[in-house]
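Indexing begins at 1, ligand by ligand and atom by atom, following the structure's order.
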Amino acid sequence: MRPIILIGYMGAGKTTVGRLLAEQLSYSFLDTDGMIEAQERRSIRTIFEMDGEERFRDMETALLEKLLEENLEDVVLSVGGGLPVRDKNRELLKKLGTVVYLSAQKETIVERVAGSEDRPLLQGQHMSEKVEQMLEIRDPLYRQAAFAVVKTDGRAVQQIAQEIEQSVVMGHEIAKNG
Ligand code: S3P
């Protein structure tokens with residue numbers, strides 16, 4: 001099967017849901033942040049501090065190009081929240097697999113990422129405003145890239161993973177009204 005790719009804002013649950021989904025399907029689980037950290041031997045936070053965001057975005061694009069050449073199968077891939085913002089990356093994602101957008105409302109995100117120190121874009125004050133502004137820009141882009149949108153607010157990880165499995169693996173498209 002083509003890879004299942006989970007996109008969405010920080011705190012949407014991509015990693016947690018992705019791991020469970022992979023386990024249920026006996027797929028491998030991969031995540032772009034983890035792969036970039038392993039390849040660079042430094043944390044995302046350090047990459048942002050030393051090289052800046054643009055350079056990190058280049059690393060994400062290069063990684064997608066590499067994964068595309070590998071013709072991945074039976075993989076759940078979770079990608080960093082900002083990766084689908086680049087036009088080129090959305091094109092690459094669509095070629096690479098079936099893209100599912102895990103959507104979450106601002107309040108849910110703020111609750112989930114509160115206190116997280118390894119997310120460079122959410123450091124400092126006014127977190128709620130930052131999330132709101134970024135969501136406004138990103139939500140339409142995530143929808144452009146997605147085959148399906150799955151709501152995550154107030155739902156258990158198992159429930160979300162099951163919905164993805166039913167829609168993607170069983171071939172039913174979920175209406176894009178998430
Ligand atoms: C980012 C999301 C992070 C990570 C980096 C930038 C973003 O990944 O790639 O901090 O721009 O939204 P998660 O979405 O897995 O937290």
(request) Inspect the contact between Glu91 and Lys95 and indicate whether a charged nitrogen and a carboxylate oxygen are less than 4.0 angstrom apart. (result) no

(message) Is it the case that the side chain of Ser167 and the backbone of Glu163 share a donor-acceptor pair, with hydrogens and angles ignored and the cut-off at 3.5 Å?
(response) yes

(message) For Asp33, is there an ion pair with Lys14 - N to carboxylate O distance below 4.0 angstrom?
(response) no

(request) Could you tell me which atoms of ligand 1, counted from 1 in the order shown, lie closer than 4.0 angstrom to a heavy atom of Gly80? (result) 8 (O), 9 (O), 14 (O)

(request) Below 4.0 angstrom from a heavy atom of Arg119, which ligand 1 atoms are there? Numbered from 1 as shown, please. (result) 16 (O)

(request) Would you mind listing which atoms of ligand 1 come within a distance below 4.0 Å of any non-hydrogen atom of Lys14? (result) 13 (P), 14 (O), 15 (O)

(request) Using a strict cut-off of 4.0 Å, indicate which atoms of ligand 1 neighbour a heavy atom of Phe56. (result) 9 (O)

(request) Give the residue and atom name of whichever protein heavy atom lies nearest to atom 10 (O) of ligand 1, and the separation in Å to one decimal. (result) Pro120 CD, 3.4 Å

(message) Give the atom numbers and elements of ligand 1 that come within less than 4.0 Å of a heavy atom of Arg57.
(response) 6 (C), 7 (C), 11 (O)

(request) Would you mind checking which non-hydrogen protein atom is closest to atom 12 (O) of ligand 1, with the distance to 0.1 Å? (result) Arg138 NH1, 2.7 Å

(message) Is it the case that the side chains of Thr15 and Asp31 hold a donor-acceptor pair, with the cut-off being a distance below 3.5 Å and no angle test?
(response) no

(request) Looking only at protein heavy atoms, identify the closest one to atom 5 (C) of ligand 1 and say how far it is in Å. (result) Ile44 CG2, 3.8 Å

(message) Checking the N or O distance criterion of under 3.5 Å, is ligand 1 in contact with Gly81?
(response) yes

(request) Verify the distance criterion only: is there a donor paired with an acceptor across the side chains of Tyr9 and Asp139 at less than 3.5 Å? (result) no

(request) Not counting sequence neighbours, which residues clear side chain to side chain contact (heavy atoms under 4.5 Å, CB included) with Thr16? List them please. (result) Val157

(request) Determine whether Ile109 and Leu135 make a side-chain contact, defined as any pair of heavy atoms from C-beta on separated by less than 4.5 Å. (result) yes

(message) So if I count the atoms of ligand 1 from 1 in the order they appear, which ones are less than 4.0 Å from some heavy atom of Leu121?
(response) 7 (C), 11 (O)

(message) For atom 7 (C) of ligand 1, what's the nearest protein heavy-atom neighbour? Residue, atom name and distance, please.
(response) Gly82 N, 3.2 Å

(message) Regarding Arg86 and Glu54, does a basic nitrogen lie under 4.0 Å from an acidic carboxylate oxygen?
(response) yes

(request) Would you tell me which option among Asp33, Leu6, Ile7 has the nearest heavy-atom contact to atom 4 (C) of ligand 1? (result) Asp33

